[in-house]
Amino acid sequence: MSQQHSAAPAPTPTSAAAVATVGKRRDWWRDAVIYQVYPRSFADSNGDGMGDLEGVRSRLTYLRDLGVDAVWLSPFYASPQADAGYDVADYRAVDPMFGNLLDADALIRDARELGLRIIVDLVPNHSSDQHEWFKRAVAEGPGSPLRDRYHFRPGKGSGGELPPNDWESIFGGPAWTRVTEPDGSPGEWYLHLFAPEQPDFNWDHPAVGDEFRSILRFWLDMGVDGFRIDVAHGLVKAAGLPDLGTHDQLKLLGNDVMPFFDQDGVHAIYRQWRTILDEYSGDKKGPEGPSAEGRWRETGGRIFVAEAWTPTVERTANYVRPDELHQAFNFQYLSTEWDAKELRTVVDRTLEAMRPVGAPATWVLSNHDVTRHATRFANPPGLGTQIRTAGDRELGLRRARAATLLMLALPGSAYVYQGEELGLPDVVDLPDEVRQDPAYFRGAGQDGFRDGCRVPIPWTRAGSSYGFGTGGSWLPQPAEWAELSVEAQQGVQGSTLELYRSALHLRRTHPDLGAGDAVEWLKAPEGVLALRRGDFVCVANTSTESVRVPSYGRILLTSGEVAETDGETKIPADTTVWWTTD
């Protein structure tokens with residue numbers, strides 16, 4: 001008998017059972033599902049083609065009903081937008097394109113009433129070159145005390161015409177730019193690991209630490225529930241800024257400890273920050289206890305999440321020791337191919353690395369910097385995380401659905417990037433003239449094709465931007481996205497949206513899903529992962545052929561159609577099944 005368990009619309013979490021399941025989740029982050037909102041591409045409230053905070057606020061009930069625990073907002077600070085807001089000019093202000101501080105306050109308050117937590121991006125590695133500190137540092141000339149808050153250095157060569165060292169920008173080219181001094185002469189150079197518009201802070205200067213501790217308190221007082229730390233591995237540079245002695249340095253990233261990344265000195269900074277967060281973690285600013293929606297509305301339990309690209313998951317674990325940060329993104333998992341053996345290896349290594357420090361593992365498949373996993377899995381393996389070809393879209397979606405069920409079955413916390421619940425692919429054919437990724441214009445750096453995962457998401461079948469707003473969208477959306485919209489998938493049996501809703505509901509209510517630090521691997525055919533967690537069993541077939549496995553109990557959910565006969569279940573290629581054995 002064939003069965004399709006991917007389609008039944010999940011109930012909204014209003015039952016007494018859901019309330020009891022959530023309970024007092026002081027360590028809510030250990031099993032949280034956190035949804036990343038890229039504000040400029042989520043919802044546009046004023047018809048200017050750019051998403052904004054009021055747009056996000058208008059869609060909070062959608063996120064509540066989807067079943068996520070928290071919303072992580074990519075940067076919305078005042079910024080010239082040289083790197084989509086990751087070049088911050090004022091850390092205590094909202095950029096007018098996104099609204100104002102009152103909009104941020106309303107968003108935080110409404111989210112709390114719906115039982116959702118808000119995590120904001122923090123960008124401490126660099127500022128905008130339009131930050132007041134940097135503008136004054138340049139204007140005041142050599143010897144300005146403000147230059148010590150950045151990495152200003154004289155150049156090499158007889159006239160200082162060469163960069164101070166051989167470091168290369170992540171976006172391509174040298175990591176140094178020479179300034180013109182107030183008298184018009186060529187002057188000192190400043191360090192920028194990313195775009196020239198993003199000068200790196202000098203974290204050896206005490207004023208930098210003082211400023212960011214103040215920024216943390218500003219947003220904590222606003223009521224946010226945590227911070228995602230951008231380039232958390234980059235704040236501290238090796239003493240003396242030594243040459244690397246090699247070119248094509250991007251190829252070394254993720255394989256070696258670099259003089260500008262993953263330096264041990266970053267950990268002292270995070271230990272200081274943790275003491276601040278712990279002051280707020282007992283603070284109750286909302287009604288205590290579960291809300292009517294079965295979610296915890298108390299604001300205690302603030303968290304830090306590290307974006308830390310490190311050579312190994314073991315080094316990532318250093319960031320989440322008990323007195324430092326709470327979570328770190330698992331980029332090793334994100335970059336793993338759809339292959340049972342490789343996936344099992346990274347799962348085991350992740351759980352083993354996190355266990356000694358008592359931190360939850362995190363699992364993620366997509367974000368704003370990589371090709372969406374529905375497109376990555378549509379292409380042959382070995383192409384990396386930025387891919388320029390659409391591949392086999394039907395295959396990619398089938399694998400993406402299966403990969404999502406596997407990810408949500410693993411112990412720890414999971415991250416969902418906006419639109420993946422709709423099965424959106426990357427837009428790989430954007431015309432060059434509409435691209436805005438700064439890396440695209442830098443030549444020798446990253447591929448520069450991140451715009452493809454940042455195209456505004458579709459809400460309706462019709463309209464100038466499929467419900468994103470009334471005035472088009474800042475990046476063009478494909479016409480076929482009409483049938484991938486929320487309207488097209490809502491309540492539709494078999495849709496990817498309903499698969500996510502069902503999976504997130506089950507993850508919240510099944511006692512053996514969510515937090516934990518171990519899985520029991522079960523015997524399985526080649527190319528198949530089978531794991532048990534108490535009364536829960538997950539089997540993912542990553543192979544290209546159907547397989548037969550024992551029927552472990554009552555099927556809860558499947559990513560595709562399966563068949564049960566004579567105590568066995570036939571699982572097609574690229575399909576995942578959830579059972580309960582109770």
Side-chain angles (χ1 to χ4, degrees), residues 1-8 10 333 336-344 347 363 365-366 372-381 391-410 414 416 420-425 489 492-507 510 513 519 521-533 536-581:
M1 176 178 63
S2 295
Q3 297 195 28
Q4 169 74 306
H5 293 257
S6 63
Y333 186 79
T336 302
E337 305 288 354
W338 180 239
D339 176 88
K341 184 177 180 180
E342 293 185 21
L343 286 164
R344 177 168 174 171
V347 169
W363 315 101
L365 291 167
S366 289
R372 290 182 177 275
H373 63 283
T375 296
R376 295 204 314 276
F377 294 152
N379 280 274
D392 183 336
R393 287 192 168 173
E394 182 179 343
L395 174 65
L397 179 59
R398 188 165 66 246
R399 288 178 170 175
R401 288 163 57 99
T404 294
L405 287 197
L406 173 61
M407 177 184 77
L408 293 175
L410 297 172
V416 172
E420 70 173 74
E421 77 277 12
L422 304 176
L424 296 184
Q489 298 193 46
V492 175
Q493 185 171 358
S495 72
T496 302
L497 175 58
E498 294 302 340
L499 174 69
Y500 270 74
R501 285 180 170 173
S502 297
L504 292 173
H505 173 73
L506 287 168
R507 195 178 192 274
H510 195 290
L513 284 173
V519 299
W521 295 110
L522 305 176
K523 184 178 180 181
E526 185 76 19
V528 176
L529 279 177
L531 64 91
R532 181 191 299 275
R533 300 182 63 198
F536 172 84
V537 173
C538 172
V539 175
N541 180 10
T542 73
S543 75
T544 58
E545 304 292 337
S546 295
V547 298
R548 292 186 178 274
V549 300
S551 294
Y552 288 98
R554 175 170 57 90
I555 289 181
L556 295 171
L557 193 61
T558 70
S559 67
E561 190 169 318
V562 302
E564 290 184 290
T565 54
D566 300 325
E568 288 189 329
T569 302
K570 183 179 180 181
I571 305 177
D574 304 313
T575 303
T576 298
V577 183
W578 285 5
W579 284 271
T580 186
T581 62

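Here R376 pairs with nothing under the side chain to side chain donor-acceptor pair (under 3.5 Å) rule; sequence neighbours left out. Judged as a salt bridge (charged side-chain N to carboxylate O under 4.0 Å, His left out), and not counting sequence neighbours, R548 has no contacts. Scored by the side chain to side chain donor-acceptor pair (under 3.5 Å) test, E420 finds Y500 as partners (sequence neighbours excluded). In this structure, R533 has no salt bridge (charged side-chain N to carboxylate O under 4.0 Å, His left out) partners at least two apart in sequence or on a different chain. R554 meets the side chain to side chain donor-acceptor pair (under 3.5 Å) test with no other residue; sequence neighbours excluded.
Although no hydrogens or angles enter the test, the distance criterion places a donor-acceptor pair under 3.5 Å between the side chain of T575 and the main chain of A573. Between the side chain of S366 and the backbone N or O of H373, at least one donor-acceptor pair lies under 3.5 Å. Of the possible donor and acceptor atoms, none in the side chain of T581 sits under 3.5 Å from a partner among the backbone N and O of G553. Put simply, the side chain of N541 gets close to the backbone of P572: a donor and an acceptor are under 3.5 Å apart. Counting only distance, with no hydrogens or angles, the side chain of T542 and the backbone of A340 share a donor-acceptor pair below 3.5 Å.
Note on residues 558-580: pairs passing ring pair (Phe, Tyr, Trp, His ring centres under 6.0 Å), not counting sequence neighbours, are F536-W578, Y552-W579.
With rounding to the nearest 0.5 angstrom, the OG1 atom of T496 is 12.5 Å from the CZ atom of R501. Note that CD of E337 and CZ of R399 are 9.5 Å apart. Values are rounded to the nearest 0.5 Å. The distance from atom CG of L422 to atom CG of L499, rounded to the nearest 0.5 Å, is 12.0 Å. Once rounded to the nearest 0.5 Å, the distance linking CG of L513 with SG of C538 reads 9.0 Å.
For S551 and T569, the side-chain atoms include at least one donor-acceptor pair closer than 3.5 Å.
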